[in-house]
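One structure is given here, and the rest of the page talks about it.
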Amino acid sequence: MTYAKVIVDVPSKETNRPYDYVIPPKLSGWVEIGSRVGVPFGPRILQGFVVGLHQEAEVDAARIKPIAEVSDSEPPLTPELVKLSRWMSKTYLCHDITALQAMIPGALKAKYERYIQAAEGVTSPQSAVEHGVFAGGEMTGNGQGILFESETLERESILRYVIAKGPVKTEQLLLKFEGQATLIKQMLLSGQLTEAQVIKDRLSQKKVLTVYPNENKNEIRAYLDKLPANAKRQKDVLDYLLLHHEPVKLADLLAELDLSASTVKSLAEKGMLIIREADEFRNPYEGRDFTPTLPMLLTPQQQIAYDAIRQDLDDRIHRTYLLQGVTGSGKTEVYLQTIQRTLDAGREAIVLVPEISLTPQMVERFKGRFGDQVAVLHSRLSQGERYDEWRKIRAGQVTVAIGARSAIFAPFTKIGLIIIDEEHESSYKQEESPKYHAKRVAIERACAHDAVVVLGSATPSLETFYQTKSDLHGVPVRLSGGEPAIRLITMSERVAGRPMPEVKIVDLREELKAGNRSMFSRELYSAIETRLHKKEQTVLLLNRRGYSTFVMCRSCGFVAGCPHCDISLTYHQRSRNLRCHYCGYAEREPEVCPDCKSEHIRFFGTGTQKVEEELGKLFPGIRVIRMDVDTTTEKGSHEKWLTQFRNKEADVLLGTQMVAKGLDFPDVTLVGVIAADTVLNLPDFRAGEKTFQLLTQVAGRAGRHHLPGEVVIQSYSPEHYSIEHASRHDYDSFVMQELGMRKERGYPPYCRLILITMSHEHIPVLVQIGEALANTLRERAGAAREGEPSFEVMGPVASPIPRIKDRYRFQCMVKYREESAAIEAVKAVLASFESRVKPHKIQISVDVDPQILM
DNA sequence: AGCACGCCGACT
DNA sequence: GTCGGCGTGCTC
């Protein structure tokens with residue numbers, strides 16, 4: 001007998017283990033490691049993943065139930081990914097099911113639906129009596145005649161409804177007969193009604209009604225000519241079809257022309273069009289031509305990088321590289337050619353890019369080189385589109401996957417190369433469970449495939465840079481010795497020897513002293529003016545973080561805050577209301593200060609809108625494209641704005657972080673940073689690093705082509721080392737200084753962190769549990785190794801955001817070194833606290849290697 | 001996470 | 001005397 005070990009879709013501690021199931025004969029051959037299955041679990045059927053096949057079961061054979069169904073013809077996960085999920089749940093302390101589900105597209109996440117229908121043979125209330133199942137009222141011993149009567153009526157009406165409607169979703173039935181839940185339960189118990197449960201994929205293979213115009217345009221024209229003058233609606237439709245002459249969704253057509261379906265139907269009868277169900281249109285890049293690009297001749301530095309990586313690819317050994325290349329040094333071409341080498345050897349490649357820089361330009365370059373060998377995965381795709389791209393990978397129809405963080409789980413089986421571009425980006429860390437870092441996952445996967453990992457960046461994260469050394473500031477990087485974990489390849493020259501742009505730092509304090517209260521310094525003002533004259537373009541960066549649009553009263557200093565979270569509300573111009581980013585609370589924009597009734601309440605935080613306004617005042621007629629969350633939520637809007645800017649339909653591209661990454665416009669010769677220190681003031685030990693990275697990235701947008709570039713950085717703290725080093729494009733000096741600071745203060749990369757956050761409605765409960773938890777951890781730390789503790793525990797302290805959704809938040813920080821048993825200790829201690837935590841409904845979340853310390 | 005089983009207060 | 005409150009405990 002073969003048994004399957006199944007992880008079921010219940011993310012809780014008690015069920016976080018495999019359950020044994022029998023594989024029934026009819027499913028033999030369909031159940032593999034990685035299969036998605038439906039299994040009976042207690043009273044219901046749940047989705048689960050097969051993580052093992054065994055000849056023997058661990059429990060009494062009598063208790064073991066059979067697998068009910070197999071969801072896919074081919075398992076969505078490979079054995080390698082199943083194994084990886086175990087590693088993830090151990091490394092990041094999450095449930096196995098959470099790790100498994102992170103690896104499949106959202107479309108495959110289970111949706112459970114329950115349906116109620118009348119018992120078999122029951123076709124009317126009378127027949128229910130005949131079937132002898134209508135005795136419930138008397139059986140309960142309810143002697144009250146009147147109540148019995150009304151209950152009978154209710155039963156009849158429910159039964160009639162269910163019989164008429166066929167299977168009804170349980171929740172719908174309960175909604176329809178509100179307050180009759182008990183009765184319905186009784187009817188289920190007595191057998192008049194039966195309930196069935198099904199597992200559905202979140203994605204319904206959606207068929208949509210689609211209008212196909214008559215192929216022959218002339219027939220349409222002929223009909224149009226004969227149309228009576230009062231048939232305006234029909235005329236609208238036909239005009240539309242003549243103009244577009246391609247299939248269109250019926251719903252879209254109706255909305256577009258504001259008409260009812262009957263008009264279209266009558267045209268269908270006349271043979272002018274056909275309405276039928278079609279698979280929803282789902283190739284996001286369908287019909288787009290990608291200009292094929294040929295490999296370019298490599299510069300000497302590119303060649304060195306290529307040769308090193310190629311050697312390991314050919315030898316099929318796992319290694320991790322840090323490809324540190326200044327902006328414009330041509331990292332992408334190295335990626336492309338090493339990928340080519342990988343494909344030539346019959347292996348596959350994964351390319352990760354930050355979501356924000358997964359621009360059409362980027363996709364074009366890969367599609368241009370590798371054509372339909374490329375699958376693209378990013379959040380702008382609909383769930384269905386993403387599922388389709390994912391299926392191409394699983395089916396082996398493509399060999400290159402390019403995408404954001406989760407693309408690291410691309411279900412390839414012969415991975416040769418994994419590239420992580422802009423490896424320093426914090427978006428590679430998932431902030432929800434499983435709180436994995438794509439970089440670590442990449443290295444783990446690469447080990448399993450003997451694949452090469454290439455981390456690319458102009459401004460590598462300190463953690464990565466640190467690992468390219470054997471020791472730094474007198475501290476050995478690896479306690480176990482040996483060569484550095486990551487090999488460093490540097491590309492210090494820009495392609496074609498273009499110089500780095502000149503960077504000027506403007507001290508905004510001096511501007512204020514000189515009487516300039518505008519947000520543009522004189523320097524930046526005249527630089528923009530010059531560009532307008534020369535018809536060159538400008539990119540302006542406004543760092544939104546720390547600059548967000550809160551509301552403050554200038555009379556009394558009142559700041560509008562969320563009543564449920566300790567955070568200020570953000571002003572949204574579009575809806576003219578104030579919203580909380582953490583809990584979604586919204587209120588109307590105040591006209592007077594709620595506190596002192598003053599009218600001097602205003603929206604602070606010069607958002608991009610404010611900058612745009614001021615630009616318009618300073619330079620009448622200036623054409624500005626503004627890119628921020630407000631203007632880029634719509635699908636494809638991102639692309640639209642960039643195309644407009646490329647076509648020189650605007651003089652200035654103004655935006656948040658998203659304008660800093662990866663864009664490449666030939667006529668941009670000026671980059672301005674409105675305020676460089678907004679990030680610096682955040683309570684985050686990485687603030688300096690983030691600032692340096694952002695400034696370096698955005699400076700790299702200027703002068704990438706024949707025209708020389710100029711960068712103006714405005715700041716209130718221009719002497720800060722991260723700003724100074726950035727202005728000189730001097731990563732090495734920055735990194736050494738920053739590392740010195742980290743070592744002194746005991747921060748990564750000299751240690752690693754685990755952030756434990758506890759939340760509860762009442763502070764005293766939190767203080768108590770927090771202290772107890774920290775102390776228990778400290779005891780274990782001391783006990784683990786004699787002399788020096790194996791890890792340190794800080795806190796508990798209130799979290800930087802002390803309250804979210806009416807729950808207070810406290811946190812502890814664990815500092816440890818690679819080889820310590822800190823994670824196991826945290827896991828064990830949390831398990832031992834379970835009995836103290838659960839009854840009080842205290843929530844505890846663990847973040848291993850946190851990127852944000854909130 | 002559900003859902004059932006199981007022991008104490010407002011009703012007929 | 002019952003209905004039903006939600007406190008433990010289990011799910012192959």
Side-chain angles (χ1 to χ4, degrees), chain A residues 1-24 27 31 33 35-70 89 94-102 109-116 136-151 154 169-171 174 179-190 193-200 202 432-434 831 833-845:
Chain A
M1 196 62 119
T2 312
Y3 299 93
K5 293 216 172 290
V6 176
I7 301 287
V8 295
D9 183 16
V10 182
S12 87
K13 192 150 233 156
E14 290 74 44
T15 51
N16 188 33
R17 60 193 173 86
Y19 287 84
D20 289 327
Y21 286 90
V22 176
I23 301 170
L27 293 182
V31 179
I33 289 181
S35 289
R36 212 162 50 112
V37 292
V39 289
F41 195 71
R44 59 218 161 114
I45 290 190
L46 289 182
Q47 187 169 88
F49 290 88
V50 176
V51 295
L53 297 171
H54 298 266
Q55 294 314 307
E56 274 151 51
E58 272 168 39
V59 291
D60 199 8
R63 285 172 64 192
I64 301 180
K65 298 177 185 174
I67 289 176
E69 61 178 62
V70 178
S89 60
C94 66
H95 301 123
D96 288 310
I97 190 66
T98 313
L100 287 161
Q101 287 193 333
K109 199 169 166 0
K111 216 169 69 178
Y112 300 99
E113 280 176 357
R114 293 153 74 200
Y115 291 88
I116 285 180
E138 282 143 345
M139 298 290 275
T140 56
N142 188 334
Q144 297 285 314
I146 295 163
L147 264 177
F148 175 67
E149 196 99 321
S150 79
E151 204 178 281
E154 268 310 326
K169 273 191 200 169
T170 301
E171 52 178 314
L174 289 174
Q180 304 293 329
T182 337
L183 185 59
I184 291 172
K185 214 170 191 175
Q186 265 180 33
M187 292 170 75
L188 281 167
L189 232 55
S190 70
L193 297 178
T194 57
E195 190 174 37
Q197 185 215 324
V198 291
I199 305 175
K200 276 192 175 171
R202 190 143 299 201
E432 308 91 56
S433 188
F833 268 62
E834 189 70 6
S835 56
R836 297 181 58 179
V837 161
K838 220 182 166 184
H840 292 98
K841 299 200 171 85
I842 299 166
Q843 284 174 18
I844 301 185
S845 91

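First the proteins, then the strands, lettered A, B, ... as listed; each starts at 1.
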Pair A:Glu58-A:Arg17, salt bridge (charged side-chain N to carboxylate O under 4.0 Å, His left out): steps then yes or no: CA-CA 12 Å; A:Glu58 272 168 39; A:Arg17 60 193 173 86; over 6 Å; no
Distance in angstrom units between A:Arg836 CZ and C:dT8 P, rounded: 16 Å
A:Thr98 versus A:Pro11, closest heavy-atom pair with distance: OG1-CB, 4.2 Å
Interatomic distance, A:Lys13 NZ vs B:dA1 C1' [rounded to whole Å]: 15 Å
Phosphate contact (C:dT11 OP1 or OP2) by A:Tyr19 side-chain N/O below 4.0 Å: no
Any donor-acceptor pair under 3.5 Å from A:Tyr21 side chain to A:Ala68 backbone: no
Between C:dT8 (P) and A:Lys841 (NZ): distance, integer Å: 11 Å
A:Glu432: side-chain hydrogen bond (donor to acceptor under 3.5 Å, both in side chains) partners, not counting sequence neighbours: A:Gln430
Rounded interatomic separation in angstrom, taking CD from A:Glu834 and C1' from B:dA1: 13 Å
Whole angstrom value for the distance that separates C1' of C:dC12 from CG of A:Asn16: 15 Å
B:dA1 OP1/OP2 closer than 4.0 Å to side-chain N/O of A:Arg44: no
Below 4.0 Å: OP1/OP2 of B:dC3 and any side-chain N or O of A:Arg114: yes
Distance, rounded to the nearest Å, where A:Lys5 contributes NZ and C:dT11 contributes P: 15 Å
Between P of C:dC12 and CD of A:Glu14, the distance in whole Å: 15 Å
Touch class at under 4.0 angstrom, heavy-atom based, for A:Pro40 against every strand present: sugar-phosphate
Whole angstrom value for the distance that separates P of B:dC3 from CZ of A:Phe41: 13 Å
